Number of protein chains: 2
Amino acid sequence: MTGSWICEKHTEGYAVKWKIKDILHEEQTRYQKLAVVDTLEWGKALLLDDALQISEKDEFIYHEMISHVGMCTHPCPERVLIIGGGDGGTLREVLKHQQLNAVDLVEIDERVVENSKRFFPAISCGFTDRRLNLHIADGVHFVKETSFRYDVIIVDSSDPLGPATPLFNLEFYQDVYKILKADGLLVVQSESPIFYGEVFRSVYRQINTVFPLTRVFLAPIATYVSGPWSFTMGSKKYNPRELAKKPADLGYLKYYNEGIHRAAFCLPPYIKEMILSVR
Amino acid sequence: MTGSWICEKHTEGYAVKWKIKDILHEEQTRYQKLAVVDTLEWGKALLLDDALQISEKDEFIYHEMISHVGMCTHPCPERVLIIGGGDGGTLREVLKHQQLNAVDLVEIDERVVENSKRFFPAISCGFTDRRLNLHIADGVHFVKETSFRYDVIIVDSSDPLGPATPLFNLEFYQDVYKILKADGLLVVQSESPIFYGEVFRSVYRQINTVFPLTRVFLAPIATYVSGPWSFTMGSKKYNPRELAKKPADLGYLKYYNEGIHRAAFCLPPYIKEMILSVR
């Protein structure tokens with residue numbers, strides 16, 4: 001962090017700079033460098049290893065999309081597993097579903113949870129919910145060892161550079177498949193198809209190897225890198241184009257609704273092409 | 001331009017940096033500063049007053065969306081007017097429609113046309129088409145004085161800072177309305193709702209004052225500012241949700257198709273809200 005700007009270098013030739021008013025907190029956790037900053041225009045923001053994870057102003061887009069698309073595709077998601085998502089944003093959205101009986105959240109880095117509780121009360125509000133079982137643990141081990149079986153599993157990871165790297169491996173997706181019920185489904189954040197095309201293709205290829213039905217959906221998220229952001233769903237039974245549940249009972253959301261659910265799966269040919277060329 | 005990076009400062013608190021290999025051309029035209037650079041990752045790019053207008057790598061997204069959404073909403077666009085668009089990208093897309101008899105392109109700055117012909121042959125390829133009438137003229141005057149009547153008018157302008165400023169005024173939209181046929185329609189680029197919310201709202205408000213039907217559609221364009229980019233349509237008769245023409249006969253496009261046409265009009269609630277609050 002130099003001067004009053006932070007800089008995210010996404011590729012060799014592209015970088016984004018954010019003006020900040022203040023650095024509220026910095027620490028080196030056991031797993032990564034963690035910082036909370038107050039930006040000039042995007043509210044408070046959480047950074048892990050210098051990459052912006054969430055900003056108060058538009059975190060709702062990412063969290064609504066990674067949660068409700070899967071939760072509304074499944075007709076009755078009673079037990080849900082969130083891998084990562086230590087800030088609590090995905091948890092907050094999942095908890096809006098009335099059918100939910102229990103949610104396990106497995107975050108490797110306790111400091112993410114603690115700092116989110118301290119600095120982002122509107123994002124971490126779900127940590128007090130009685131339906132939550134919080135596990136400070138390695139998600140890779142958890143999916144290997146748990147005896148629970150899930151309706152929906154959501155992988156809300158950071159980029160495949162730091163501690164999240166093993167969450168982008170074939171073996172992990174195979175383990176996830178085993179702990180999903182016979183009609184369960186998986187949703188992962190799968191990076192920017194434009195800026196991180198190799199990761200995007202790799203996630204698709206691996207989920208497509210494991211699941212009978214693989215679908216990509218998109219949303220542009222201003223505080224992430226420019227262009228569309230992608231999510232990938234692996235499903236054992238339900239097709240996300242056939243919305244199982246009308247999202248009307250979710251109350252007022254700011255990004256997700258039925259139209260957005262359907263529109264997000266309409267891929268432009270240049271992105272379809274990236275997937276078709278995956279072998 | 002400092003060192004081997006160019007920097008676009010979009011707001012007080014947000015900037016994007018592009019690494020460049022070379023500055024191929026720079027000049028001060030009568031209207032604006034014009035530069036052509038060779039970027040590390042996005043091919044050649046055109047800048048006007050230091051703002052990136054097009055990159056070879058993803059210009060197709062903007063040009064397909066500003067052209068085909070309107071051209072496919074109108075059942076038979078025979079005569080089309082493009083205001084701005086001196087690089088020729090919109091022209092290239094419009095010319096793909098077989099029903100087209102004549103297209104007028106009105107660009108204020110001849111140097112944009114000349115430099116596009118020199119540096120961007122794949123974008124400026126339409127300038128030799130026999131259906132084109134090229135006018136080096138002020139679009140605001142042109143729409144006041146022309147005796148032609150149009151099926152579709154496309155305003156492919158730069159940001160409302162330099163010479164494009166009068167193209168964002170109510171009087172201009174009123175003049176456009178008069179030179180559209182009884183079932184004609186207008187499409188304009190209307191900036192980023194997130195970063196330039198005031199312009200986005202203002203364009204909507206003004207077009208909505210003049211036209212019986214106003215609709216916004218979105219596309220994320222990686223080389224523009226992050227998040228969704230917006231386009232606004234004002235229509236005298238046709239509703240863009242009822243696609244008049246299947247785009248199948250357009251050959252291979254890289255961004256636009258029937259699904260994308262429909263999906264682009266699905267606005268997330270937070271953007272709908274911006275429009276509903278327009279008075």
Side-chain angles (χ1 to χ4, degrees), chain A residues 4-21 39-42 55 57-58 60-61 64-65 192-195 217-230 241 252-273, chain B residues 4-21 39-42 55 57-58 60-61 64-65 192-195 217-230 241 252-273:
Chain A
S4 59
W5 291 82
I6 53 173
C7 184
E8 288 186 287
K9 196 175 166 192
H10 288 286
T11 62
E12 267 312 295
Y14 182 88
V16 173
K17 287 169 65 182
W18 307 85
K19 200 166 202 169
I20 59 170
K21 295 189 283 187
T39 69
L40 186 67
E41 295 166 347
W42 298 84
S55 86
K57 189 171 163 185
D58 83 343
F60 69 92
I61 303 177
E64 289 187 13
M65 288 302 277
S192 157
I194 315 308
F195 284 85
F217 58 100
L218 304 173
I221 302 169
T223 52
Y224 290 177
V225 73
S226 192
W229 196 261
S230 80
R241 283 173 195 265
Y252 183 67
L253 297 177
K254 287 185 280 183
Y255 191 86
Y256 179 85
N257 61 28
E258 189 179 341
I260 290 289
H261 179 110
R262 295 184 197 286
F265 286 96
C266 288
L267 305 184
Y270 83 105
I271 291 182
K272 242 182 235 167
E273 195 73 14
Chain B
S4 59
W5 291 82
I6 52 174
C7 184
E8 289 186 287
K9 195 175 167 192
H10 288 285
T11 61
E12 267 312 296
Y14 183 88
V16 174
K17 287 169 65 182
W18 307 86
K19 200 165 203 169
I20 59 171
K21 295 189 284 186
T39 70
L40 186 67
E41 294 166 348
W42 297 84
S55 86
K57 189 170 163 187
D58 83 344
F60 70 91
I61 303 177
E64 289 186 14
M65 287 303 277
S192 158
I194 315 308
F195 285 85
F217 58 100
L218 304 173
I221 302 169
T223 54
Y224 291 176
V225 74
S226 192
W229 195 260
S230 79
R241 282 172 196 265
Y252 182 67
L253 298 177
K254 287 183 280 182
Y255 192 85
Y256 179 84
N257 61 27
E258 189 179 340
I260 290 289
H261 179 110
R262 295 184 197 285
F265 286 95
C266 289
L267 305 185
Y270 83 106
I271 292 183
K272 242 182 233 166
E273 196 73 14

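Just so it is clear, the structure is predicted and the values come from calculations on it, not from any experiment. Every chain is numbered from 1, with letters handed out A, B, ... down the list of sequences.
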>> Can you tell me which portion of B:Glu64 sits under 4.5 Å from chain A's heavy atoms? Options are side chain, backbone, both or neither.
In response: neither

>> Taking every non-hydrogen pair under 4.5 Å, which of B:Pro220, B:Gly227, B:Pro269, B:Ala263 racks up the most with chain A?
In response: B:Pro269

> Top residue by heavy-atom pair count (under 4.5 Å) with chain A, among B:Gly259, B:Ser226, B:Pro228?
Replying inline: B:Ser226

> With only heavy atoms counted, which part of B:Trp229 is less than 4.5 Å from chain A, the side chain, the backbone, both or neither?
Replying inline: neither

>> Nearest 0.5 angstrom please: B:Glu273 CD to A:Lys254 NZ, how far?
In response: 10.5 Å

>> Given heavy-atom pairs under 4.5 angstrom as the criterion, report whether the side chain, backbone, both or neither of B:Phe265 touches chain A.
In response: neither

> In terms of heavy-atom proximity below 4.5 Å to chain A, should B:Lys272 be classed as side chain, backbone, both, or neither?
Replying inline: side chain

>> Can you tell me which portion of B:Leu267 sits under 4.5 Å from chain A's heavy atoms? Options are side chain, backbone, both or neither.
In response: backbone

> So B:Tyr270 and A:Phe60, would you call those rings parallel, tilted or perpendicular, with 30° and 60° as cut-offs?
Replying inline: perpendicular

> What pair of heavy atoms forms the shortest contact from B:Lys19 to A:Glu12, and how long is it?
Replying inline: CD-O, 3.5 Å

>> So which residue, B:Ile260, B:Leu40, B:Ile271, ends up with the most heavy-atom pairs under 4.5 Å with chain A?
In response: B:Ile260

> Using non-hydrogen atoms only, which part of B:Thr11 is less than 4.5 Å away from chain A: side chain, backbone, both, or neither?
Replying inline: both

> Which of parallel (below 30°), tilted (30 to 60°) and perpendicular (above 60°) describes A:Trp42 and B:Phe195?
Replying inline: tilted

> At what distance, to the nearest 0.5 angstrom, does SG of A:Cys266 lie from NE2 of B:His261?
Replying inline: 11.5 Å

